[in-house]
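Below you'll find the structure, written out as structure tokens, and then a few comments.
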Amino acid sequence: MTVNDHALRDALTTDLDILPDVRRARARFLGPPTRPRARIGLVLNPGSTPGHVLEDLRDAADRARQSAGGDRLPTDVRLGVARHGPHRAE
């Protein structure tokens, strides 16, 4: 059984969106189905620790790789940090 790239993209995006410290996630799959490549964009909450997020990301990407039925899933990740809201002086 194979999983189409749209379902895989949606599942991976959902996995990433619910990670602690992730404000927004987006996943795409590029290349042929026999050699897919993942491109992931994450916007982190201000003050979050990227190391912890990357560990969780590795687990989510591994689940996607297993679902795709491959032994490798090269992954490009772009990290950003959301802006702080304005602080009001009292």
Side-chain angles (χ1 to χ4, degrees):
M1 179 170 121
T2 60
V3 178
N4 74 41
D5 62 338
H6 296 293
L8 196 56
R9 176 199 64 208
D10 292 347
L12 181 56
T13 299
T14 299
D15 272 358
L16 297 171
D17 262 336
I18 63 173
L19 293 177
D21 294 327
V22 172
R23 173 139 333 153
R24 187 173 54 251
R26 182 174 181 198
R28 294 178 48 203
F29 287 90
L30 309 168
T34 56
R35 290 187 5 219
R37 174 174 207 83
R39 182 168 292 162
I40 296 172
L42 297 176
V43 177
L44 307 180
N45 291 320
S48 62
T49 306
H52 294 291
V53 173
L54 290 175
E55 288 175 24
D56 292 337
L57 169 89
R58 187 179 315 129
D59 294 338
D62 192 46
R63 285 190 298 277
R65 178 195 55 79
Q66 291 172 352
S67 295
D71 57 345
R72 295 186 60 226
L73 181 62
T75 304
D76 300 319
V77 179
R78 178 173 285 181
L79 294 176
V81 177
R83 291 182 173 199
H84 280 281
H87 295 279
R88 294 185 179 198
E90 292 191 30

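The chain is numbered in sequence order, starting from 1.
- Among residues two or more places apart in sequence or in another chain, the salt bridge (charged side-chain N to carboxylate O under 4.0 Å, His left out) test is passed with Asp17 by none.
- Side-chain heavy atoms closer than 4.5 Å link hydrophobic residues (I, L, V, M, F, W, Y) into clusters, and following such links, even through other members, never connects Val81 to Val77.
- At least one donor-acceptor pair under 3.5 Å links the side chain of Thr13 to the backbone N or O of Ala27.
- Leu19 and Asp15 get closest at one heavy-atom pair: CG-O, 3.5 Å.
- Rounded to the nearest 0.5 Å, atoms OG1 (Thr14) and CZ (Arg9) are 10.0 Å apart.
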Could you tabulate the donor-acceptor pairs under 3.5 Å formed by side-chain atoms of residues 43-58, not counting sequence neighbours?
{"unit_1": "Asn45", "atom_1": "OD1", "unit_2": "Arg23", "atom_2": "NE", "d": "3.0"}
{"unit_1": "Asn45", "atom_1": "OD1", "unit_2": "Arg23", "atom_2": "NH2", "d": "3.4"}
{"unit_1": "Ser48", "atom_1": "OG", "unit_2": "Asn45", "atom_2": "O", "d": "2.8"}

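- Note on residues 26-43: pairs passing side-chain hydrogen bond (donor to acceptor under 3.5 Å, both in side chains), not counting sequence neighbours, are Arg37-Asp76.
- For the residue pair Ala64 and Leu73, the shortest heavy atom distance occurs at CB-CD2, 4.2 Å.
- Here the shortest heavy-atom pairing between Leu8 and Ala68 reads CD2-CB, 3.8 Å.
- In terms of heavy-atom proximity, Ala25 sits nearest to Leu16 at CB-CB, 3.5 Å.
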